A.B. asks: 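Mind looking over this structure? Questions follow.
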Amino acid sequence: MKLITAVVKPFKLEDVKRAVEEQGVHGMTVTEASGFGRQRGHTEVYRGAEYTVDLVPKVRIEFVVDDADVPRVIDAVVGSAHTGKIGDGKVWVTPVESIIRVRTGEQGPEAL
Amino acid sequence: MKLITAVVKPFKLEDVKRAVEEQGVHGMTVTEASGFGRQRGHTEVYRGAEYTVDLVPKVRIEFVVDDADVPRVIDAVVGSAHTGKIGDGKVWVTPVESIIRVRTGEQGPEAL
Amino acid sequence: MKLITAVVKPFKLEDVKRAVEEQGVHGMTVTEASGFGRQRGHTEVYRGAEYTVDLVPKVRIEFVVDDADVPRVIDAVVGSAHTGKIGDGKVWVTPVESIIRVRTGEQGPEAL
Amino acid sequence: MEPVLDTGTTAWLLVSTALVFIMIPGLAFFYGGMNRSKSVLNMLMMVIASTFVVGILWIAYGYSMAYGSTTGNFVGSFTDYFGVTQAISVGGDGFPPMVDVAFQAMFACLTVGLIAGAVADRMKFGAWLIFAGVWASLVYFPVAHWVWGDGWIGQLNIGGAEVIDFAGGTAVHINAGAAALVLVIVLGKRLGWPRMPMRPHNLTMVMLGAGLLWFGWFGFNAGSAYAADGVAALAATNTLVATCGGGLAWLLVERLRDGHATSLGAASGIVAGLVAITPACANVTPLVAVLIGAVAGVLCALAVTLKYRLGYDDSFDVVGVHLVGGLVGTLMLGFVATDVFGDGASVGLFAGGGFSLLTVQAIAAGGVLIYSFVIAGIVALVLKAVMGIRVSAEDETSGVDLALHAENAYDIVESGGGGAFAGIGKGSIDREDG
Amino acid sequence: MEPVLDTGTTAWLLVSTALVFIMIPGLAFFYGGMNRSKSVLNMLMMVIASTFVVGILWIAYGYSMAYGSTTGNFVGSFTDYFGVTQAISVGGDGFPPMVDVAFQAMFACLTVGLIAGAVADRMKFGAWLIFAGVWASLVYFPVAHWVWGDGWIGQLNIGGAEVIDFAGGTAVHINAGAAALVLVIVLGKRLGWPRMPMRPHNLTMVMLGAGLLWFGWFGFNAGSAYAADGVAALAATNTLVATCGGGLAWLLVERLRDGHATSLGAASGIVAGLVAITPACANVTPLVAVLIGAVAGVLCALAVTLKYRLGYDDSFDVVGVHLVGGLVGTLMLGFVATDVFGDGASVGLFAGGGFSLLTVQAIAAGGVLIYSFVIAGIVALVLKAVMGIRVSAEDETSGVDLALHAENAYDIVESGGGGAFAGIGKGSIDREDG
Amino acid sequence: MEPVLDTGTTAWLLVSTALVFIMIPGLAFFYGGMNRSKSVLNMLMMVIASTFVVGILWIAYGYSMAYGSTTGNFVGSFTDYFGVTQAISVGGDGFPPMVDVAFQAMFACLTVGLIAGAVADRMKFGAWLIFAGVWASLVYFPVAHWVWGDGWIGQLNIGGAEVIDFAGGTAVHINAGAAALVLVIVLGKRLGWPRMPMRPHNLTMVMLGAGLLWFGWFGFNAGSAYAADGVAALAATNTLVATCGGGLAWLLVERLRDGHATSLGAASGIVAGLVAITPACANVTPLVAVLIGAVAGVLCALAVTLKYRLGYDDSFDVVGVHLVGGLVGTLMLGFVATDVFGDGASVGLFAGGGFSLLTVQAIAAGGVLIYSFVIAGIVALVLKAVMGIRVSAEDETSGVDLALHAENAYDIVESGGGGAFAGIGKGSIDREDG
Ligand SMILES: Nc1ncnc2c1ncn2[C@@H]1O[C@H](COP(=O)(O)OP(=O)(O)O)[C@@H](O)[C@H]1O
Ligand SMILES: Nc1ncnc2c1ncn2[C@@H]1O[C@H](COP(=O)(O)OP(=O)(O)O)[C@@H](O)[C@H]1O
Ligand SMILES: Nc1ncnc2c1ncn2[C@@H]1O[C@H](COP(=O)(O)OP(=O)(O)O)[C@@H](O)[C@H]1O
């Protein structure tokens with residue numbers, strides 16, 4: 001099993017959710033985050049003053065999925081979160097050794 | 001060492017905390033999250049109108065623990081977070097290669 | 001590739017950011033968190049009453065970095081987040097199997 | 001005899017002016033709290049900036065159109081009080097005319113602001129401001145003349161019954177409600193409505209707004225007595241208790257229909273009660289005022305779900321609360337109005353007045369409703385054709401606060417202690433997201 | 001001579017009515033900010049909805065019980081002013097009686113609302129509303145008669161000294177404080193109290209509440225002069241400066257005791273000063289008013305920790321601030337009251353009046369304290385037996401806002417820009433959690 | 001003839017007192033919303049606690065220094081009204097003198113509070129309170145004497161032209177603005193300024209503050225007529241429409257300069273318009289008032305960026321809005337003042353009055369500006385030398401709310417339902433972080 005972590009632009013959350021649902025993903029966990037990357041250095045004007053923005057709002061989405069589903073889910077996320085503009089985000093994959101559903105105690109793929 | 005990530009119902013946080021403390025867990029890190037899973041599809045009435053709820057509030061708890069403690073901690077979490085109703089959450093385990101305590105620079109089990 | 005997760009005191013975020021930038025880290029993702037550790041048990045007085053504080057505010061920072069950069073980045077984080085007082089936080093490392101840049105679809109080190 | 005200044009009445013009108021003023025921010029918060037957090041500032045801005053516009057138009061020519069010498073009982077002279085310099089005087093007969101200018105200015109600004117609650121999240125800011133100015137000029141100023149100036153509604157008399165619209169159930173609430181209805185029909189629904197819940201982002205703000213509205217409404221209603229006397233006192237008492245009735249009734253409906261009495265319901269019931277008692281507050285006894293409020297509470301609580309059945313996205317229920325509540329108060333007078341002060345006021349059916357009062361009330365309400373609906377609809381259609389009145393889907397999705405005003409309302413770091421995020425950019429603008 | 005309407009006084013009473021009204025939302029915010037964020041709406045609802053109930057009861061029979069012809073100096077006639085139609089008139093002797101109905105209605109609603117601060121997070125909403133209505137009927141209306149009607153406290157005279165309770169230290173604050181004390185004893189502690197900190201979730205809201213309370217208190221105190229004259233002016237000045245004294249004193253206590261002067265302390269000191277000067281504001285000079293406020297600031301700051309020692313969970317210190325502050329002002333008058341206007345008012349010990357004034361003040365305070373405590377206790381016990389007054393532990397844990405009102409106060413997405421969470425369900429209800 | 005009490009005027013002054021009072025919390029919120037969330041409570045505390053101090057000083061000796069018999073037209077007697085007991089009376093000539101004590105007390109407190117907006121995030125709380133008390137004593141009380149007592153500004157007469165400062169453009173706004181300027185020069189910049197954005201943490205709070213300020217300003221300006229008459233009515237009307245002009249103008253500048261009209265701009269434009277019309281509200285017609293507001297809106301919107309060029313960290317633009325806005329209103333009178341009431345008031349250049357009025361206006365403005373700047377600078381330097389006026393860098397970084405007041409403003413758990421974090425410590429204090 002794998003954990004896919006995606007950091008994407010907040011307004012893309014709905015789209016990503018719909019895209020992965022179509023791939024049969026049954027669940028995900030979302031947190032609000034702030035991101036720092038190449039977008040850094042971008043300047044803004046407010047009340048007549050300029051300043052540099054470092055951290056921009058992102059959402060961080062986690063999916064635990066079966067190994068076999070990883071490529072499809074990644075494609076769905078990348079496809080739906082893509083705008084082509086800087087700051088679109090990252091998706092990374094880490095190994096998961098086990099997973100349990102709290103409600104039932106089921107383990108492994110059944111827990112998803 | 002392992003990282004145990006638990007996504008549970010917010011009002012269970014206190015119970016989980018107490019349960020893992022009894023297992024000798026020395027620390028944890030908590031973030032507010034929103035969850036999407038089988039609970040999705042559930043409908044609500046507000047101001048006379050019905051709508052579907054997708055994301056429901058959860059807390060996401062991380063414990064870095066010794067390999068040997070993993071089963072006990074998982075049992076404590078699952079036991080204390082359990083309500084038997086849909087949306088109770090998930091617990092998953094990922095490998096940790098190293099850990100450092102910032103205050104002292106200690107590494108490995110001593111850092112916990 | 002590795003994922004470095006650092007949980008540090010909130011007011012150290014700026015310092016950590018600067019320190020890792022000097023190590024050439026190109027990006028990071030930050031979430032607000034609450035921590036529970038040895039700091040627990042600490043008591044406070046408010047409105048004439050004493051009570052124990054369990055969860056204290058932290059920030060949780062994630063860096064995906066090349067394997068080779070891990071030690072340097074950890075040193076930078078530990079060095080910059082250090083105050084020597086209890087509650088300074090932890091840094092842990094987990095393996096990453098792949099990473100993709102959403103904007104371009106680049107994979108691996110190029111995605112960083 | 002020389003005109004005598006009544007300083008007590010003048011003091012009361014000055015205060016009432018300030019009280020009605022605070023309803024404007026009150027309204028902004030009442031609506032703003034119902035927004036999602038990505039569009040609350042835009043709502044505050046719509047209400048405040050339309051006040052900027054209408055306040056200036058009012059002293060330029062609005063007061064003159066409302067209170068100047070009449071042209072065919074339709075509209076007052078544009079120039080009689082142009083710039084309101086003619087109203088400047090130290091004294092006055094009872095009160096200086098300028099205090100009436102200020103007092104009524106607040107009514108004009110507030111009435112226009114009411115409409116904003118219907119168009120949350122999706123209207124172009126510039127188009128809103130133009131709509132506000134044009135609607136005030138073509139609809140509100142004439143209708144104020146109809147009701148309070150020398151206009152046809154004030155002149156109506158059927159079988160001795162004359163229209164009762166003490167503080168503006170018709171001129172303010174039905175008027176604004178009708179305009180809101182047609183404006184949202186032209187504007188269209190919010191993206192995702194009604195599928196997405198779009199619940200209030202800050203119910204304490206809604207409550208603050210309701211509290212300020214209720215507070216200011218004492219000036220709105222009791223100030224409309226144009227005297228510091230027992231009429232004002234009755235209006236104040238009725239303003240309190242009708243609202244109690246409205247709030248309680250709305251909560252009961254929710255408890256029975258949805259299972260829970262909500263704070264949004266309490267706030268809405270307050271406003272429904274206030275709206276309904278507005279035309280009626282000097283023409284019924286307090287227990288009847290409770291009844292009027294309660295009926296409005298029930299009917300408005302039911303009416304706010306109409307939009308789901310009929311499919312117009314009146315975002316914060318301007319129609320369901322102001323149009324319906326205004327009709328409740330205006331028409332109930334036809335039944336329950338009594339001659340409380342024994343000065344020969346028109347009375348309703350139950351007080352032996354027959355159907356005459358009900359008839360004139362219905363004519364007044366219907367006349368204003370249709371006029372406002374038609375003119376507002378034409379204005380909206382013209383603006384839509386000429387400049388567009390709706391923001392892009394992208395701006396609507398990412399939020400009009402950011403898109404139109406380059407701001408997010410909140411940058412609250414609850415951990416506080418570290419100030420980690422504060423001002424580093426979290427509250428700032430991710431322009432590439434647009 | 002025909003009764004003459006004083007429009008200035010009438011205007012001032014109309015305004016004071018509105019000013020006391022705004023104390024109700026002010027109180028709701030003062031308390032609501034101290035809640036945890038999972039129960040703020042319930043606090044707003046308790047204060048607002050008890051106002052709905054008490055407002056209606058007041059005009060139905062409350063005013064009559066307070067100001068109707070007396071039965072044994074204990075309670076006024078139920079019917080003299082039933083429905084308050086008897087108070088309707090255009091003019092009046094000085095002011096129209098109806099303005100007194102409205103002004104005093106606010107006192108009744110506010111006094112009941114004060115009690116809500118003690119029972120945060122855990123009382124059944126329906127039980128609260130019934131308690132509010134019954135306590136108002138059995139305690140507040142009679143006590144108002146005792147103090148301001150033809151009741152025994154107004155009649156007390158020992159050695160020429162008569163009770164001074166200008167704006168209601170006894171009738172309002174001691175009265176509400178005593179009821180709050182017994183109600184929380186019957187109701188029990190919040191789960192986790194006092195182990196869990198349960199700190200205020202929004203101190204800016206507490207400050208807003210304190211600001212609105214202070215603002216409205218000018219009407220509460222200076223309006224109680226029932227005239228727009230120098231007595232009202234002195235009351236207003238004292239209302240300002242006693243509060244300055246109370247705020248400063250509380251901050252000093254905190255600085256010395258806890259190390260930091262807090263904003264919760266500033267807000268509490270404001271209220272303590274206001275409470276203490278309420279009975280006294282027309283009977284002392286401004287510098288003495290500062291002293292009264294400062295003494296109240298110190299004593300209340302110390303008193304709010306009593307609950308930890310005695311073990312009653314008076315959540316937001318209704319006892320520590322209103323009961324104690326009310327006693328401070330009422331009893332200090334026995335020492336420092338002077339005949340400021342030279343009209344023969346009772347004076348205290350330091351002005352050569354001996355112990356007479358202190359004695360009557362103590363009798364009045366004690367009488368109201370005991371009566372309110374006993375009756376409120378009986379009402380609470382009966383309600384507890386009959387219907388239960390406390391929510392389930394599950395509802396209390398997950399939060400009464402959600403459990404009772406199906407709402408969360410806030411759904412704020414600070415990142416704003418994306419509107420990712422807004423309205424998708426984060427602010428919505430996870431019903432399974434219950 | 002016996003002095004006659006005018007209850008209408010007295011009522012209006014009592015109300016105006018309350019209205020000016022609410023500007024104090026209004027100001028606190030206006031500024032507080034602009035803070036980062038780690039320092040909002042400290043801002044509220046600075047404004048509220050300086051009110052505690054100045055309120056007491058005012059009745060002790062401030063009123064006496066302002067309105068007592070003059071010493072060389074520089075300052076009033078310290079003892080004439082010491083403790084203001086001399087002002088106690090039931091009646092009075094027109095109004096009881098005590099109502100003037102209360103009304104003017106609010107001006108003193110507010111003026112001092114204005115300065116706080118410049119020193120956000122970094123000033124020691126104790127040092128601020130001492131500065132507040134000393135500046136009030138050495139600067140505000142004498143300057144009030146200059147302008148409204150028997151002081152030199154009130155005596156100025158050049159070619160028949162006398163200074164016009166109706167409600168305090170010079171005495172309040174220029175005075176506070178000049179003090180703020182020198183204080184921030186002595187205090188130094190916030191850490192990270194101007195590199196870090198430090199944007200407002202809660203723009204709805206800024207709007208609430210602006211709304212309350214506007215509301216209270218009706219009492220500030222129209223109350224300064226010291227009568228419930230047509231002068232007050234004109235002042236009220238101008239207070240409305242100048243503000244509309246100011247708000248609209250600021251939004252236009254932002255739209256053209258930055259691309260977006262912001263809510264911070266709307267709020268700032270409101271205050272700029274209010275400041276500018278303050279001295280002028282009884283000496284111009286409403287359309288000219290719109291012009292004054294609009295000019296202030298434009299010039300202040302441009303002036304707030306000066307600090308970046310000149311390098312002083314006037315955090316929330318006390319200089320840019322109050323000093324500049326006060327100068328705009330005061331000096332524009334030299335051009336546009338007209339004798340609106342035909343009572344021989346000084347008129348400006350455009351009304352044929354030549355340069356005399358402009359000259360006296362400039363002398364008054366300049367005199368107060370220099371005096372306040374110099375004395376405030378000396379006070380600040382002495383305090384800096386004696387006790388230090390700035391918090392440690394550590395406290396500033398982690399936030400003064402926590403460091404000075406042991407609190408965080410917010411502990412909002414938006415998920416609500418679970419109440420997971422609420423009160424468990426998230427809102428509590430991580431003392432080791434300091
Ligand atoms: N090395 C990294 N580790 C963790 N998160 C990262 C890393 N690099 C980027 N991110 C996250 O991805 C987001 C987008 O990255 P950025 O470099 O701004 O844009 P892009 O991927 O389009 O070049 C960042 O805001 C941050 O949240
Ligand atoms: N595949 C997944 N990856 C990550 N988080 C998940 C996944 N599935 C569920 N979750 C989390 O677990 C929570 C509970 O899951 P849900 O399916 O609603 O209930 P249950 O586990 O009782 O069937 C979700 O709200 C979500 O936060
Ligand atoms: N076992 C753990 N798993 C996850 N996070 C932990 C763990 N132990 C500590 N932490 C995090 O590190 C923070 C600091 O730990 P703490 O024990 O308080 O201080 P120190 O590391 O200085 O001894 C905690 O607040 C928590 O967020």
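Here the structure is a predicted model, which is why all the values come from computation and not from measurement. A, B, ... follow the sequence lines: proteins, then strands. Residue 1 opens every chain.
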A.B. asks: Taking C-beta and beyond as the side chain, do Leu14(E) and Phe218(D) meet within less than 4.5 Å on heavy atoms?
C.D. replies: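 Answer no - side chains too far apart.
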A.B. asks: Looking at Ala11(E) and Gly8(D), what are the two nearest heavy atoms and their distance?
C.D. replies: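 So the minimum-distance heavy-atom pair works out to CB-O, 3.4 Å.
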A.B. asks: Give, for atom CE of Met207(D) and atom CD1 of Ile48(E), the distance between the pair rounded to the nearest 0.5 Å.
C.D. replies: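 Rounded to the nearest 0.5 Å, the CE-CD1 separation comes to 5.5 Å.
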A.B. asks: Under a 4.5 Å heavy-atom cut-off, does chain D meet the side chain of Val15(E), its backbone, both or neither?
C.D. replies: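 For Val15(E), heavy atoms of backbone and side chain both lie under 4.5 Å from chain D.
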A.B. asks: Check whether Asp229(D) gets within reach of chain E through its side chain, its backbone, both or neither, counting any heavy atom under 4.5 Å.
C.D. replies: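 It is both, since atoms from each part get that close.
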A.B. asks: Can you tell which part of Tyr63(E) gets under 4.5 Å to a heavy atom of chain D, answering side chain, backbone, both or neither?
C.D. replies: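 Neither part, no heavy atoms under 4.5 Å.
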A.B. asks: Is the ring pair Phe215(D)/Phe215(E) parallel, tilted or perpendicular, if the boundaries are 30 and 60 degrees?
C.D. replies: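 Answer is perpendicular, since the angle exceeds 60°.
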A.B. asks: In Å and rounded to the nearest 0.5 Å, what is the OG1 to CD distance from Thr285(D) to Gln86(E)?
C.D. replies: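 These two atoms lie 10.5 Å from each other.
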A.B. asks: Heavy atoms, side chains only, cut-off 4.5 Å: are Val53(E) and Leu248(D) in contact?
C.D. replies: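 Yes, side chains in contact.
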A.B. asks: Does the side chain of Ile59(E) come within less than 4.5 Å of Thr237(D)'s, by heavy atoms?
C.D. replies: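 Yes. Closest side-chain heavy atoms under 4.5 Å.
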A.B. asks: Within the 4.5 Å heavy-atom criterion, are Phe82(E) and Leu287(D) side-chain neighbours or not?
C.D. replies: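 Of all side-chain heavy-atom pairs linking Leu287(D) with Phe82(E), at least one is under 4.5 Å.
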A.B. asks: Report yes if some heavy atom in the side chain of His405(E) is under 4.5 Å from a heavy atom in the side chain of Leu203(D); otherwise report no.
C.D. replies: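 Sidechains of Leu203(D) and His405(E): no contact.
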A.B. asks: What part of Ala403(E) gets within 4.5 angstrom of chain D, counting heavy atoms only: side chain, backbone, both, or neither?
C.D. replies: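 Contact with chain D involves the backbone of Ala403(E) alone.
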A.B. asks: For residues Gly211(D) and Ile22(E), report the shortest heavy-atom separation together with the two atoms involved.
C.D. replies: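 Heavy atoms only, the tightest pair is O-CD1, 4.1 Å.
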A.B. asks: To the closest 0.5 Å, what do you measure between OG1 (Thr204(D)) and CG (Asn202(E))?
C.D. replies: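 With rounding to 0.5 Å, OG1 (Thr204(D)) is 7.0 Å from CG (Asn202(E)).
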A.B. asks: Using non-hydrogen atoms and a 4.5 Å limit, figure out which bit of Val90(E) sits close to chain D: side chain, backbone, both or neither.
C.D. replies: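 Answer is both: backbone and side chain atoms of Val90(E) are under 4.5 Å from chain D.
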A.B. asks: Under a 4.5 Å cut-off applied to non-hydrogen side-chain atoms, are Ser263(D) and Leu44(E) in contact?
C.D. replies: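 A side-chain contact is absent here, since even the closest heavy-atom pair is not under 4.5 Å.
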A.B. asks: Ignoring hydrogens, what is the shortest heavy-atom contact between Tyr410(D) and Ile412(E)? Give both atom names and the distance.
C.D. replies: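 That would be CD1-CG2, 3.4 Å.
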A.B. asks: Return the CZ to OG1 distance between Phe21(E) and Thr239(D), rounded to the nearest 0.5 Å.
C.D. replies: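 So the CZ of Phe21(E) and the OG1 of Thr239(D) are separated by 10.5 Å.
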A.B. asks: Quick check on Leu208(E) against chain D: is it the side chain, the backbone, both or neither that has a heavy atom closer than 4.5 Å?
C.D. replies: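 Contact with chain D: side chain only.
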A.B. asks: Nearest 0.5 Å, please: how far is CG in Leu5(E) from OG1 in Thr9(D)?
C.D. replies: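 Interatomic distance, Thr9(D) OG1 to Leu5(E) CG, rounded to 0.5 Å: 8.0 Å.
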A.B. asks: In terms of heavy-atom proximity below 4.5 Å to chain D, should Thr51(E) be classed as side chain, backbone, both, or neither?
C.D. replies: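 Looking at Thr51(E), backbone and side chain both touch chain D.
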A.B. asks: In terms of heavy-atom pairs under 4.5 Å with chain D, which of Gly55(E), Pro97(E), Ser89(E) leads?
C.D. replies: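 Among the listed options, the one with the most contacts to chain D is Ser89(E).
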A.B. asks: I need the residue from Gly92(E), Ala28(E), Ala102(E), Ala60(E) with the largest number of non-hydrogen atom pairs under 4.5 Å to chain D.
C.D. replies: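 So the answer, after comparing Gly92(E), Ala28(E), Ala102(E), Ala60(E), is Ala102(E).
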A.B. asks: What part of Leu404(E) lies closer than 4.5 angstrom to a heavy atom of chain D: side chain, backbone, both or neither?
C.D. replies: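 Only the backbone of Leu404(E) comes within 4.5 Å of chain D.
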A.B. asks: Can you find a pair of side-chain heavy atoms, one from Pro286(D) and one from Ile88(E), that are under 4.5 Å apart?
C.D. replies: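 A side-chain contact under 4.5 Å exists here.
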A.B. asks: What closest approach, in Å, do Ala261(D) and Met45(E) show between heavy atoms, and which atom pair accounts for it?
C.D. replies: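 In terms of heavy atoms, the two residues are closest at O-CE, 3.7 Å.
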A.B. asks: Could you tell me which portion of Leu264(D) (side chain, backbone, both or neither) has an atom closer than 4.5 angstrom to a non-hydrogen atom of chain E?
C.D. replies: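 When you check distances to chain E, atoms from both the backbone and side chain of Leu264(D) fall under 4.5 Å.
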A.B. asks: Kindly indicate whether the side chain of Leu251(D), heavy atoms from C-beta on, has any atom under 4.5 Å from the side chain of Phe52(E).
C.D. replies: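 They are in contact (side-chain heavy atoms under 4.5 Å apart), so the answer is yes.
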